[in-house]
Amino acid sequence: MSWDALYSSAFREVRGRIGRVGRVLLAYNTNIDAVKYLNSDDLEGRIRETGVEEVLRYSDELPGRITSLEHLFGGILWSVKRGKAAELFVESCSVRFYMKRWGWDELRMGGQAGIMANLLGGVYGVPVVVHAPQISKLQGELFKDGPIYVPKVEGGKLTFVHPREFAGDEENCIHYIYEFPRGFRVLGFEAPRENRFIGSADDYNPHLYIRPEFREHFEEIGEKVELGIISGLQALTRENYREAIEEVKRHLEILSERNVPVHLEFAFTPDETVRKALVDMLGSFHSVGLNEVELASVMDVMGERALSEKLLAEDPVDPIAVTEAMLKLAEKTGIRRIHFHTYGYYLALTDYGGEFVRDALLFASLAAAAKAKLGDVRSIEDVVKAMDVPVNPKARGVEEKLREEYGMEEGTALVNNHHLSFVPTKIVTRPKSTVGIGDTISSSAFVGEFALS
Ligand code: ADP
């Protein structure tokens with residue numbers, strides 16, 4: 001069968017069966033993304049008011065956190081000059097107040113758990129229970145309609161309500177996202193590519209704050225779910241990770257007693273001690289999702305420097321190096337499923353197999369392309385609108401390498417007692433939006449696989 005035929009049949013299968021998936025637990029990070037598209041004159045005026053010299057200093061060397069306007073503008077300029085993303089915690093209340101008055105153009109759901117809740121619950125109609133560290137009125141409003149629930153304790157009794165009905169009056173966790181296009185000019189600098197600088201006014205997500213409903217009633221919550229997706233551990237540091245990780249481990253134990261498969265969405269974790277701790281606990285998960293930079297960073301803490309370098313050396317990423325890295329990770333940790341995604345193709349290594357693993361990847365690729373093409377995917381029917389997006393031509397070489405090395409056919413092969421699944425992805429040349437596209441890929445593939453199995 002051609003890839004196009006495989007794509008359509010995978011979509012039909014998943015769409016027909018996704019209604020069977022039971023409740024999915026999504027924890028732990030949700031926040032409010034306040035997006036501002038930077039304007040050169042406005043930004044330059046504000047930098048002059050603050051003091052050009054001081055701001056320039058921080059645009060050479062990023063401060064550790066933001067405690068002044070010089071830090072804020074220095075951070076923005078650091079990103080613009082390099083065309084690179086950066087994210088800093090905003091500690092000072094007066095800077096937070098300044099950012100609020102400066103305003104935003106758009107408010108969006110942020111945080112992997114929040115984004116996945118809107119996709120799985122709001123678009124696919126799969127019931128989800130989500131951990132939102134703070135439920136403010138604004139945060140509640142960013143959840144789509146659909147079977148999306150948060151636990152609520154009333155009179156000692158646990159119930160589940162839509163986040164809007166939770167009627168929370170808690171704090172806003174706002175991530176201010178300052179976006180600039182390629183060629184954006186300020187103070188004689190020019191952005192080599194489009195990107196963003198993030199200042200997070202969020203006292204909850206970075207420390208992995210876990211709500212009392214989840215601390216005190218997790219046994220009951222665990223009884224209500226069939227699958228779990230965990231994310232949001234990436235901002236922990238060697239100073240604060242121990243307590244948070246202990247609570248996560250307790251949750252995993254409860255879920256494992258009930259045989260609930262749990263996926264870890266592995267975002268880039270800068271702190272090496274925390275990254276190592278996450279690798280050490282991978283055996284408690286059924287599945288993990290990562291991109292090439294994240295897989296390379298995992299190889300680094302496993303002492304596999306050469307392999308790590310290989311993963312970042314070629315474009316598209318060498319699939320043989322990816323497979324070797326996934327085998328090493330599976331063998332070291334015992335994790336049953338590893339889903340790797342990169343620009344152009346996905347690979348999954350599983351200790352169980354069948355075409356359904358590959359078909360779930362195809363569904364995920366279609367969902368990602370639909371998101372890139374349409375910006376907002378409103379229903380599962382929208383996903384099929386990406387069928388006309390062409391498969392990435394560069395993936396042909398990748399497929400050829402996998403055929404030569406492992407005898408792969410139609411995207412499946414057996415490698416060292418593991419099943420390897422491959423799909424060439426559909427790539428939208430002028431995407432409307434790629435925010436949260438990695439979360440779309442991983443959650444669609446994981447949930448899609450359980451719909452098919
Ligand atoms: P993010 O953290 O921004 O979600 P990830 O690296 O986790 O980033 O995910 C990005 C993935 O999205 C890439 O690996 C690629 O597979 C996919 N992707 C990126 N751009 C496009 C596009 N224009 N069309 C389709 N898929 C895309």
Side-chain angles (χ1 to χ4, degrees), residues 3 7 29 31 33 35 79 83-87 108-116 118-119 175 177 179 182 193-198 205 229 231-235 263-270 287-298 311-312 314-319 322 326 338-348 360-377 382-395 398 421-446:
W3 282 111
Y7 261 104
N29 54 337
N31 64 263
D33 279 349
V35 186
S79 281
K84 277 197 180 179
E87 177 165 355
R108 285 195 217 129
M109 172 62 80
Q112 291 144 309
I115 291 171
M116 292 184 199
N118 276 348
L119 177 72
H175 294 193
I177 303 183
E179 294 214 349
R182 169 204 270 215
R193 52 163 293 194
E194 68 284 0
N195 222 319
R196 57 189 95 123
F197 174 80
I198 306 178
N205 287 297
I229 302 181
S231 57
L233 314 184
Q234 62 269 18
H263 172 89
L264 174 69
E265 189 51 16
F266 198 100
F268 184 73
T269 307
S287 162
V288 64
L290 22 66
N291 67 17
E292 66 277 17
V293 177
E294 292 151 7
L295 184 59
S297 77
V298 165
L311 289 170
L312 300 177
E314 285 172 33
D315 177 34
V317 185
D318 174 12
V322 174
M326 292 197 297
I338 301 172
H339 175 187
F340 170 83
H341 63 84
T342 187
Y343 197 85
Y345 72 93
Y346 311 155
L347 277 173
L361 299 183
L362 289 168
F363 172 71
S365 163
L366 206 57
K371 185 175 168 62
K373 183 178 168 184
L374 307 170
D376 192 27
V377 176
D382 274 354
V383 170
V384 82
K385 293 184 182 158
M387 267 310 291
D388 64 350
V389 175
V391 163
N392 178 26
K394 284 193 190 163
V398 174
S421 307
F422 159 84
V423 306
T425 60
K426 290 180 174 282
I427 292 287
V428 176
T429 21
R430 274 175 224 274
K432 269 214 181 122
S433 163
T434 58
V435 187
I437 198 164
D439 304 336
T440 299
I441 295 167
S442 296
S443 59
S444 300
F446 182 62

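Just so we're clear, the structure is a prediction, and the values are computed from it rather than from any experiment. Just follow the structure's listing: the first ligand is 1, and inside any ligand the first atom is 1.
Scanning all protein heavy atoms for the shortest distance to atom 12 (O) of ligand 1 gives I437 CG2, 3.1 Å. The nearest protein atom to atom 16 (O) of ligand 1, hydrogens excluded, is given as T342 O, 3.0 Å; this is a heavy-atom distance. Ranking protein heavy atoms by distance to atom 7 (O) of ligand 1, first place goes to H341 CE1, 3.1 Å. Of all protein heavy atoms, the one lying nearest to atom 1 (P) of ligand 1 is G438 N, 4.1 Å. In this structure, atom 20 (N) of ligand 1 lies nearest to the protein heavy atom Y343 CE1, 3.6 Å. For atom 3 (O) of ligand 1, the nearest protein heavy atom (residue, atom name, distance) is T434 O, 4.0 Å.
Between the side chains of Q112 and Q234, a donor-acceptor pair is found at a separation under 3.5 Å.
Note that CD1 of I427 and NZ of K373 are 14.0 Å apart. Values are rounded to the nearest 0.5 Å. Atoms NE2 and OG, from H341 and S442 in turn, are 4.5 Å apart once rounded to the nearest 0.5 Å. In this structure, CD1 on I115 lies 7.0 Å from NZ on K371, to the nearest 0.5 angstrom.
Atoms of ligand 1 lying under 4.0 Å from any heavy atom of Y346, numbered from 1 in the order shown and given with element: 16 (O). Taking every heavy atom of P431 and a limit of under 4.0 angstrom, the matching atoms of ligand 1 come to 23 (N). Of all atoms in ligand 1, listed by their number and element, those nearer than 4.0 Å to a heavy atom of I427 are 24 (N), 25 (C), 26 (N).
A donor-acceptor pair under 3.5 Å links the side-chain atoms of T425 to the main chain of G344, judged by distance alone. K426 places no side-chain N or O within donor-acceptor distance of the main-chain N or O of A369, the cut-off being under 3.5 Å.
Looking at G344 next to ligand 1, no N or O pair under 3.5 Å apart turns up.
The side-chain heavy atoms of S444 and L119, taken from C-beta on, include a pair separated by under 4.5 Å. Annotation: side chain of L347 is not in contact with side chain of L361 (no heavy-atom distance under 4.5 Å).
A perpendicular orientation is assigned to the rings of F422 and W3, their planes being inclined by more than 60° (bins at 30° and 60°).
If you look at N291 next to ligand 1, the close heavy atoms, those under 4.0 Å, all belong to the side chain. The part of I441 lying near ligand 1 is the side chain, judged by heavy-atom distances below 4.0 Å.
For K426, the closest heavy-atom approach to ligand 1 falls below 4.0 Å. Look at T425 and you'll find every heavy atom at least 4.0 Å from all atoms of ligand 1. Not a single heavy atom of Y345 sits less than 4.0 Å from an atom of ligand 1.
When distances from atom 23 (N) of ligand 1 to the protein are checked, a heavy atom turns up under 4.0 Å.
Residues satisfying the ring pair (Phe, Tyr, Trp, His ring centres under 6.0 Å) test with H263, not counting sequence neighbours, are F446.
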